[in-house]
Amino acid sequence: MSSSATSPFPEHLELTGEGLVLRDWTEDDLAAMPELFDHPDIAYWTPIVSPFDAEAARARLDRARQLRADGTAVLLAITLDGGAPLGEVMLRRAPEGTELGYAVGPAHRGQGLAGRAVRVMAAYAFEELGADRVILELEPENAASVGVATATGFRLLGVPLIEGEEKGRPYALQTWALDRA
């Protein structure tokens with residue numbers, strides 16, 4: 001494992017590209033978070049808690065800050081201009097690799113936000129963190145996320161499914177990868 005894989009994340013992070021500004025979540029975002037994350041699709045396809053209310057928003061902000069401080073993960077708000085959050089993109093350091101994840105609020109879907117955020121975050125992982133590969137772990141039935149994976153150049157790896165249970169429902173995740181160019 002390279003030293004960059006264990007180095008801390010910066011205290012503040014803002015990434016720009018693809019017409020987006022990916023920025024830290026702030027206290028000012030707490031009121032907007034339930035509108036983004038309290039939705040059946042997000043409850044079903046992601047580990048984000050459901051129902052997602054003001055208390056869940058506070059817990060998510062606190063958890064994002066703790067994960068950053070631990071050097072485990074960084075969660076950034078997806079915005080067009082650094083203002084109102086439209087969703088979230090995550091980068092997590094894990095034994096299996098540098099994993100990306102995302103969720104876009106229902107009112108903001110269909111604009112290519114997830115794909116654009118994934119491309120910006122993957123570039124950060126390659127250029128700043130020295131990652132050789134970034135991965136997405138997706139349920140094959142999640143057509144929207146499979147579409148994001150294929151549109152952003154990820155390829156399905158021929159590795160065993162990751163099986164488990166979340167929120168009382170079994171899942172099986174495929175691993176998709178994008179390698180450093």
Side-chain angles (χ1 to χ4, degrees), residues 4-5 7-39 41-43 45-94 98-131 134-138 142 144-145 147-149 151-154 178 180-181:
S4 65
S7 62
F9 290 113
E11 186 175 338
H12 299 287
L13 186 59
E14 183 174 286
L15 306 175
T16 59
E18 302 272 337
L20 299 177
V21 176
L22 307 180
R23 62 158 177 82
D24 294 321
W25 288 104
T26 70
E27 306 287 329
D28 292 341
D29 297 320
L30 290 173
M33 291 171 85
E35 183 181 322
L36 298 174
F37 300 134
D38 191 35
H39 189 270
D41 287 347
I42 291 178
W45 296 117
T46 76
I48 295 174
V49 300
S50 179
F52 196 97
D53 56 13
E55 184 178 328
R58 167 50 62 196
R60 187 150 187 89
L61 178 62
D62 293 345
R63 181 78 174 133
R65 289 174 173 167
Q66 186 61 54
L67 290 169
R68 167 92 55 98
D70 293 346
T72 304
V74 62
L75 287 71
L76 299 177
I78 300 170
T79 76
L80 296 177
D81 57 5
L86 310 175
E88 176 177 88
V89 63
M90 177 268 309
L91 180 147
R92 180 176 74 95
R93 293 174 171 146
T98 302
E99 180 187 358
L100 303 183
Y102 46 85
V104 174
H108 310 292
R109 294 181 184 160
Q111 302 174 48
L113 296 172
R116 292 188 286 160
V118 163
R119 283 191 291 272
V120 172
M121 192 66 102
Y124 172 75
F126 294 139
E127 297 164 13
E128 301 298 324
L129 302 181
V134 293
I135 61 172
L136 298 171
E137 294 174 347
L138 310 172
N142 186 342
S145 283
V148 168
T152 54
F154 282 73
L178 180 66
R180 178 195 300 261

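Note that these values count all heavy atoms, side chains included, but never hydrogens, waters or copies made by symmetry.
Taken to the nearest 0.5 Å, the CG atom of Leu129 stands 6.0 Å off from the CZ atom of Phe9. Taking CD1 of Ile78 as the reference point, atom CG of Leu15 lies at 11.5 Å (rounded to 0.5 Å). Distance check: Tyr124 OH to Leu13 CG gives 4.5 Å after rounding to the nearest 0.5 Å. The line from CZ of Arg180 to OG1 of Thr98 is 10.0 Å long, rounded to the nearest 0.5 Å. Atom CG of residue Leu67 and atom CG of residue Leu91 lie 11.5 Å apart, to the nearest 0.5 angstrom. Taken to the nearest 0.5 Å, the CZ atom of Phe154 stands 5.0 Å off from the CG atom of Leu100.
Remark: side-chain polar atoms of Arg109 are paired, donor with acceptor, to backbone N or O of Val104 under 3.5 angstrom. With hydrogens and angles disregarded, a donor-acceptor distance shorter than 3.5 Å links the side chain of Arg116 to the backbone of Gln111.
Closest approach of Ala114 and Val148 over heavy atoms only: CB-CG2, 3.9 Å. Closest approach of Leu20 and Ala117 over heavy atoms only: CD1-N, 3.4 Å. Heavy atoms only, all atoms of each residue included: Glu35 and Pro106 are closest at O-CD, 3.9 Å. When all heavy atoms of Asp24 and Asp29 are compared, the pair lying nearest together is O-OD2, 4.1 Å. Here the closest non-hydrogen pair linking Ala125 and Val134 is CB-CG1, 3.6 Å.
For Glu14, the CD atom counts as densely surrounded, since its 6.0 Å shell holds more than 12 non-hydrogen atoms of other residues, nucleotides or ligands. In this structure, Glu18 places its CD atom where more than 12 heavy-atom neighbours from other residues, nucleotides or ligands lie under 6.0 Å away. The environment of Glu11 atom CD is sparse: at most 12 non-hydrogen atoms of other residues, nucleotides or ligands sit within 6.0 angstrom.
Legend: residues meeting side-chain contact (heavy atoms from CB on, under 4.5 Å) with Thr79, ordered by chain and number and at least two apart, are Val21, Arg23, Ala77.
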